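All of these numbers come straight from a predicted model, not from anything done at the bench. Chain naming here is simple, since letters A, B, ... match the order of the sequence lines and numbering starts at 1 in each.
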Amino acid sequence: MATWVEPRLPRGMRDILPQKMLQRRYVMRVIENVFERFGFEPLQTPALELAQTLLGKYGPDAEKLIYDARHREGKEELALRYDLSVPLSRVVAMNPELTKPFKRYQIAPVWRAERPQKGRYREFYQCDADIVGATSMLADAEIIAMIFAILSELGFKEFVTKLNHRQVLTALGEYSGVPTELLGGLYRAIDKLEKIGRDGVRAEMVKNQIPAPAVEKILALLDLPTDDLAAWREILRAYPRGIAGIDELEQLTQHTRALGVNPARLQVDLTMVRGLEYYTGPIFETVVTEPKIGSLTGGGRYDGLIGLFSKTALPATGTTVGIERIIDVMDELRMFPPNLGKTVTQVLVTVFDATQRAASLALGMELRAAGVNTEVWYDADGLGKQLKYAAAKAIPFALIAGPDENAAAVITLRDLNSGEQSQIARDEIIARLGEKIAAA
RNA sequence: GUGGGAUUAGCUCAACGGCAGAGCGCUUCACUGUGGAUGAAGAGGUUGUGGGUUCGAAACCCAUAUCCCACCCCA
């Protein structure tokens, strides 16, 4: 035997035990169903990518969080994927024959070496849906409509999707005259407006060495309502990129209305910034106000990314749905459907004694053949122990058959939730149990 | 990556320099055809890990790991 080691997990990683797995699977199935309803196809890619595939795509800050994953004696420089958009771009570049627009979804783990916190893990699942090869703002609008479909289907009421445009932010930089190398600091300061207020943003800009005249110009802008497109259009009229961005935001909001998106839950917010460097067009982010847990979805248009892997550039837009945070929020707010069980098992077939074992096993296999998730007890234990097991696992039903039942050709069906028992003819048991399960 | 708090039985916590404990849970029994009720008995601990101070450390000091909180960033 090897030496004893205390069982531990790597930092920021966790096991997902069966009861939690059932919740996760429920959320994933809802999301997958909505994705497919909008015509997105499933895709899978390796957890590992060549390091060069990932490097230089996310910006220096994010790049520090990428996990190295070299084989001990391997020659390839490998890294664990950091998101699903870059692998998608690689796939599209490698498979030019894919029919465009290419709509795919992928639900898979990604790894980021961040400092863990509640709702922030180093290994976590992302659910991405992207459209490659469409320049129309209708594609972006469809992504937003899909986010709304997912969140409302999961039972979310208090959420808001914020919209901004990378080109508007770029124009804002041009307008204020902030040098390119300081733009990141400028955007990050602006992004905090809601959180730290106007004076906080001023302090943040000063801290980030934004020149004083630029600080004043930006602050004047921030005094406008953050969704006043007309006012911003006027101010940015000398900056074609800004105007183009505002045009696109207007088209986008119109399209979302045509798609039935509730306008009250969609807010243009010209101070919303997303960190990833590859965004080029509209950007969007969904936040819930109730538990403060950060954003539930985030995405945008990245028309330049695929061009980094291919001679022919392709436009792309999409979103990440933050399943981990959705699950955390739903757990906290008890949003899971009440009939979402704690176990997959629907019935426990008890074994009355050794002479009944064969009969119980046969009954169990019959139930399984009929599609009922069934467990059969292993040992010659008392019924008390067997029912206690069923109760501990929250198995809803138990079947009992001893000499009394045999004599009458019946089986006792016990409902563990109500404690009610009924005798059912042996040859009707599958049909009757099926009804009970359906009603539960 | 920076700063703060926490870490003792499976879980929630107590003991604050002098014999490591309680509640819940678990096992067995009261109960040879019935779980979540009651009563009794029992099992379970390198006090996160490694050093140090002390006659004596769960407690004080140092380091380290993990979790939580705030930054940073983000799903």
Side-chain angles (χ1 to χ4, degrees), chain A residues 4-14 17 27 31 58-65 82-85 107-128 147 184-185 187-189 191-192 195-196 200 204 207-208 272-277 283-288 292-299 319-329 348 350-353 356 377 380-407 411-421 423:
Chain A
W4 159 263
V5 286
E6 188 184 358
R8 298 195 319 118
L9 283 166
R11 181 176 209 188
M13 307 205 177
R14 64 243 211 268
L17 297 179
V27 174
I31 294 173
Y58 303 105
D61 285 347
E63 192 158 304
K64 281 186 268 181
L65 305 177
Y82 179 88
D83 73 353
L84 302 177
S85 299
I107 302 183
V110 301
W111 291 267
R112 299 181 184 180
E114 284 188 285
R115 188 130 172 176
Q117 244 178 78
K118 195 190 200 88
R120 307 182 66 173
Y121 310 99
R122 288 186 161 192
E123 176 185 64
F124 62 96
Y125 273 69
Q126 283 197 329
C127 306
D128 276 30
I147 289 169
Y187 295 152
R188 262 173 274 137
D191 191 33
K192 292 181 189 166
K195 198 170 179 182
I196 62 181
E204 194 75 13
K207 200 182 98 190
N208 291 339
M272 189 271 288
V273 178
R274 293 193 50 75
L276 291 177
E277 278 194 344
I283 49 181
F284 20 90
E285 182 170 288
T286 308
V287 292
V288 277
K292 272 173 48 187
I293 196 164
S295 49
L296 288 189
T297 80
T319 188
T320 295
V321 179
I323 186 176
E324 308 288 357
R325 288 182 181 172
I326 286 175
I327 290 165
D328 283 349
V329 172
L348 173 71
T350 61
V351 174
F352 188 81
D353 60 28
Q356 297 295 316
W377 194 250
D381 290 310
L383 280 178
K385 188 165 180 176
Q386 300 184 45
L387 291 174
K388 204 169 174 181
Y389 169 82
K393 261 194 83 169
I395 298 172
F397 297 102
L399 293 178
I400 300 162
D404 297 351
E405 283 84 357
N406 287 346
I411 289 179
T412 296
L413 169 64
R414 183 174 180 87
D415 179 329
L416 275 292
N417 293 317
S418 66
E420 285 170 20
Q421 290 192 176
Q423 311 251 302

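Comparing B:rC74, B:rC68, B:rU34 against the side chain of A:R274 picks out B:rC74 as the nearest. In this structure, the nucleotide among B:rA65, B:rC67, B:rC74 sitting nearest to the side chain of A:P116 is B:rC67. Of the listed nucleotides (B:rC69, B:rG35, B:rU34), B:rG35 has the atom at the smallest distance from the side chain of A:L416. Nearest nucleotide to the side chain of A:L387, out of B:rC71, B:rA75, B:rU34: B:rU34.
Protein atom CD of A:E114 is 9 Å distant from nucleotide atom C1' of B:rA75, rounded to whole Å. One can place CZ of A:R115 at 13 Å from P of B:rA70, the figure rounded to the nearest angstrom. The CH2 atom of A:W377 sits 15 Å away from the P atom of B:rU34 (whole-angstrom rounding). Computed from coordinates, the A:Y82 OH to B:rC74 C1' distance equals 7 Å when rounded to whole Å.
Only the C1' atoms considered, B:rG44 is 9 Å distant from B:rC26, to the nearest whole Å. Comparing the C1' positions of B:rG45 and B:rC11 gives an interatomic distance of 15 Å, to the nearest angstrom. B:rG35 and B:rG25 are spaced 16 Å apart, taking the P atom of each and rounding to whole Å. Taking atom C1' on both B:rA75 and B:rC16, the two are 42 Å apart, rounded to the nearest angstrom. With P as the reference atom, B:rC61 and B:rU54 are 16 Å apart, rounded to whole Å. Taking the C1' atom of each, B:rC60 and B:rG39 are spaced 45 Å apart, rounded to whole Å. For B:rC19 and B:rG36, the P atoms lie 39 Å apart once the distance is rounded to whole Å. Rounded to whole Å, the separation between the C1' atoms of B:rA15 and B:rA9 comes to 14 Å.
Remark: the A:R414 side chain and the B:rG35 base include a donor-acceptor N/O pair separated by less than 3.5 Å. Within 3.5 Å, a donor on the side chain of A:Q421 pairs with an acceptor on the base of B:rU34, or the reverse. Applying the 3.5 Å distance criterion, the base of B:rC67 shares no donor-acceptor pair with the side chain of A:R14. Judged by distance alone, with hydrogens and angles left aside, A:E405 brings a side-chain donor or acceptor within reach of the base of B:rG33, the pair sitting under 3.5 Å.
Residue A:F352 is in base contact, counting any heavy-atom pair closer than 4.0 Å across all strands shown. When heavy atoms are screened at a 4.0 angstrom cut-off, A:D83 is found touching no nucleic acid atom at all. A:K192 comes within contact range of the sugar-phosphate backbone alone, with a heavy-atom separation under 4.0 Å but no base atom that close. Using a 4.0 Å heavy-atom cutoff across all strands shown, A:G419 reaches at least one base atom of the nucleic acid. Heavy atoms of A:Y125 sit nowhere under 4.0 angstrom from any nucleic acid atom. Heavy atoms of A:D381 sit nowhere under 4.0 angstrom from any nucleic acid atom. In this structure, A:I400 reaches the bases: a heavy-atom distance under 4.0 Å links it to at least one base atom across the strands shown.
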Worked check of salt bridge (Lys or Arg N to Asp or Glu O under 4.0 Å) between A:K195 and A:E204: CA-CA 12 Å; A:K195 198 170 179 182; A:E204 194 75 13; over 6 Å; no
Trace of the side chain to side chain donor-acceptor pair (under 3.5 Å) decision for A:D381 with A:Y389: CA-CA 11 Å; A:D381 290 310; A:Y389 169 82; over 6 Å; no
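Remark: the backbone N or O of A:G402 is paired with a side-chain donor or acceptor of A:E405 at under 3.5 angstrom.
Checking the phosphate oxygens (OP1, OP2) of B:rA75, no side-chain nitrogen or oxygen of A:R120 falls inside 4.0 Å. The side chain of A:K385 contributes an N or O atom lying less than 4.0 Å from OP1 or OP2 of B:rU28. Distances shorter than 4.0 Å separate none of the side-chain N or O atoms of A:Q117 from OP1 or OP2 on B:rC67. In this structure, A:K388 does not reach the B:rC26 phosphate: none of its side-chain N or O atoms is under 4.0 Å from OP1 or OP2.
The pairing partner recorded for B:rG23 is B:rC11, the criterion being a Watson-Crick or G-U wobble arrangement whose two distances lie under 3.5 angstrom.
Between A:P396 and A:N417, the closest side-chain pair of non-hydrogen atoms falls below 4.5 Å.
Residue A:I323 forms a side chain to side chain contact (heavy atoms under 4.5 Å, CB included) with just one option from A:L296, A:T297, A:V27, and that option is A:V27. Tested against A:Y121 for a side chain to side chain contact (heavy atoms under 4.5 Å, CB included), the candidates A:R11, A:E114, A:E324, A:R112 yield a single pass: A:E324.
Sequence order on RNA chain B of the closest nucleotides to A:L9 and A:R112 puts A:L9 first from the 5' end. Place A:Q126 and A:A391 on RNA chain B by their nearest nucleotides, and A:A391 ends up nearer the 5' end.
Here the OH atom belonging to A:Y125 is positioned 11.0 Å from the CG atom belonging to A:L84, to the nearest 0.5 angstrom.
By the criterion of a centre-to-centre distance under 5.5 Å and near-parallel planes under 30°, the ring of A:Y389 forms no stack with the base of B:rG35.
With no hydrogens or angles considered, no side-chain donor-acceptor pair links A:Q421 and A:T412 at under 3.5 Å.
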